[in-house]
2 protein chains.
Amino acid sequence: MTESEPSWDFYRTFLAVLQQGSLSAAARDLGLTQPTIGRHIDALEAAVGAELFTRSQQGLLPTDTALVLKPYAETLASTTAALLRAASSSRDKVTGTVRISASEVIGTEVLPSILAELQAGYPDLVIELSASDAVEDLLQREADIAVRMVEPAHEALLSRHIGIIPLGFFAHRKYLERYGMPESIEDLQRHKLIGFDRQTAYIRMMRKRYPIFDGITLAFRSDHTIAQHNALRAGLGISFLHIPLARRAPDLVRLLPEIELPLDTWVVMHENLKTSPRCRVTFDALVSGLLDYVKGGTDGRRS
Amino acid sequence: MTESEPSWDFYRTFLAVLQQGSLSAAARDLGLTQPTIGRHIDALEAAVGAELFTRSQQGLLPTDTALVLKPYAETLASTTAALLRAASSSRDKVTGTVRISASEVIGTEVLPSILAELQAGYPDLVIELSASDAVEDLLQREADIAVRMVEPAHEALLSRHIGIIPLGFFAHRKYLERYGMPESIEDLQRHKLIGFDRQTAYIRMMRKRYPIFDGITLAFRSDHTIAQHNALRAGLGISFLHIPLARRAPDLVRLLPEIELPLDTWVVMHENLKTSPRCRVTFDALVSGLLDYVKGGTDGRRS
DNA sequence: CAGATGATATACATAAATGTATGACTGAGT
DNA sequence: ACTCAGTCATACATTTATGTATATCATCTG
């Protein structure tokens, strides 16, 4: 009853065990040893008064309680990481690490040239880019700055509207030589289409706007956007693509120009970070680079 | 350069030093000793590569860097507290601690009777009530459930609309015997008014709706709502009050019934907590109790 | 079915963090 | 001017946590 608060390090160990699935693996991950990890878990279980794992000899199975606690531990981990990033940047100089979250397409195809220029201007700036379509939470400091395709709702977020990235249908010249040019939406039925594996909110919106797509079957599906782009460039089929991106690839031909979908874009940052020089310059660089990209500016050239 | 991540306990120590203002006080707070606290701070400063405090013999003065890191450390503290609350409640039974955030008026005058009934129904439930007009952040788990007077914006929050609590002018019978009954808004000029010390968003809204109040001077000001209520009950002057609250005090008389301000009310909870029995029953109890209160139900009687 | 691999648990030695005791300094009050 | 209560810093003893080595068990593989 008179027990004091457990060491916060136990939470780090707890999360590592959850993520790695065994005491030994967690020990390797944290640079500690297996007995230490075991003792941490024992101590944490005693402190919270609940079983966290059912021990077995091929690993540890988390209990329901452990799964309930997992998001809290994840918050702790992302917060400590954010704290260290914030600490690493001194007050006046642009140093330290900035973590950016963006979609796969933006992160892999658009940002590299923008960030290269930024890095050239600030050699002490370390850039961490998370290119994933899973949304990272700025409020929980999983990232410092994010490029978002939905309007940010929370008022604690400082956001800058970039504008609309237009999407259009494209195919490689080689593909068109073989299969011919589709002349109408209905004509797409006989073509090879490249698309997503799962339903996203954006795809549902598109289907609502162009109901014709409901009946179209896809010849190539992948959740991985880059795989789709490479399939497009390899001449596998027809796919949606950012129109500014297609300008960089001379062998890609725009199809059905009457179809154009908007991808509204924002750059978002937590308001508390606006006084941080490293975040400020990165935010500004992203805004200006993306504005150029949307306008189809020439500086988005690939290396 | 090959330094590993600092112990998470250092962040707890860091926050305690920030809050307490000295190594010695932080040591007392955490149940450690002053040399240990000093070593923790030294280690943390070495790990982040920045000075966190300027040492002096009457205490420690936080540097700018330390102030930047403070909110992160606060998030860590509230998250660990929330984790422990979550851990203390078992999966099926209503046990453990639930932390509720509400305004001073609601928390001190309205909730006690509701929570007493809840506690009677669930003896193993421990209720923690933060009655403060400072908003606690549900997203950062500073509280599990909140009673709010503004509509919740974030989509990760599960909210239930209660309705409008009407506010009206009241005075104690004794006061009216001495100063007479005001017959109009203009008549208030010659009366003793009780009100807030600072400008809140709600007060600005009220001034906009009844511009006449701009010219009125207050005879008694306090940021502390309870102090205002007690001043009202002591016959010091005229004040706004929840109309359902006034029903419980027979000596309070409603004035200027044509003036009635709305206080829109929600009960809000983080969506992740809806599967937690202790939060679920507390949420339901708050909703039902507050609905009764708004309707002026009879079960809101004070003990 | 034997052997390799990878898991947890335990015993013991070692390293690390903590506590105790003390000194030096500051500022407030007498 | 002096005490007193407060602070931080340092030296040393002790407790605590960690690492090493080993035993035991399960699973997969040839």
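Lettering follows sequence order; numbering is per chain, from 1.
- Summarising the geometry, the separation between CG on A/Asp42 and C1' on D/dA17 is reported as 14 Å, rounded to the nearest angstrom.
- Each of B/Lys274, B/Arg280, B/Arg278 was checked for a side-chain hydrogen bond (donor to acceptor under 3.5 Å, both in side chains) with B/Ser276, and the lone residue meeting it is B/Arg278.
- Of the candidates C/dT18, D/dT10, D/dT18, the closest approach to any side-chain atom of A/His40 belongs to D/dT18.
- Between A/Ser22 and C/dG6 there is no side-chain polar atom (N or O) within less than 4.0 angstrom of OP1 or OP2.
- Rounding to whole angstrom units, CD1 of residue B/Ile37 and P of C/dT18 are separated by 8 Å.
- Computed from coordinates, the A/Asp9 CG to C/dT18 P distance equals 10 Å when rounded to whole Å.
- Taking 4.0 angstrom as the limit, B/Ser24 places none of its side-chain polar atoms (N or O) nearer than this to OP1 or OP2 of D/dG6.
- We find that B/Arg12 and B/Asp9 are joined by a salt bridge, their nearest charged nitrogen and carboxylate oxygen being less than 4.0 Å apart.
- Atom CD1 of B/Ile41 is separated from atom P of C/dT18 by 12 Å (rounded to the nearest Å).
- Rounded to a whole Å, the CG atom of B/Leu23 is 14 Å from the C1' atom of D/dT10.
- Listed pair B/Arg28 / D/dT7 meets the phosphate criterion, a side-chain N or O lying under 4.0 Å from OP1 or OP2.
- Both B/Pro35 and A/Phe10 lie close to DNA chain D; mapped to their nearest nucleotides by heavy-atom distance, the more 5′-ward contact belongs to B/Pro35.
- Contact between the side-chain N/O atoms of B/Thr36 and the OP1/OP2 oxygens of C/dG19 is found at a separation under 4.0 Å.
- Distance CH2 (A/Trp8) to P (D/dA17): 18 Å, rounded to an integer number of Å.
- Going from atom OG1 of B/Thr36 over to atom CG of B/Leu30 covers 10.5 Å, rounded to the nearest 0.5 Å.
- No option in A/Tyr11, A/Phe14, A/Phe10, A/Trp8 other than A/Phe10 meets the ring pair (Phe, Tyr, Trp, His ring centres under 6.0 Å) test with A/His40.
- For A/Gln34 against C/dA7, a side-chain-to-base donor-acceptor contact under 3.5 Å is absent.
- Of the residues listed (A/Asp144, A/Val98, A/Leu273), the one engaging A/Arg85 in a side chain to side chain contact (heavy atoms under 4.5 Å, CB included) is A/Asp144, and it is the only one.
- Counting to the nearest Å, the C1' atom of C/dA16 and the CG atom of B/Leu32 are 15 Å from each other.
- The distance between atom CZ of B/Arg39 and atom P of D/dC12, rounded to the nearest whole Å, is 14 Å.
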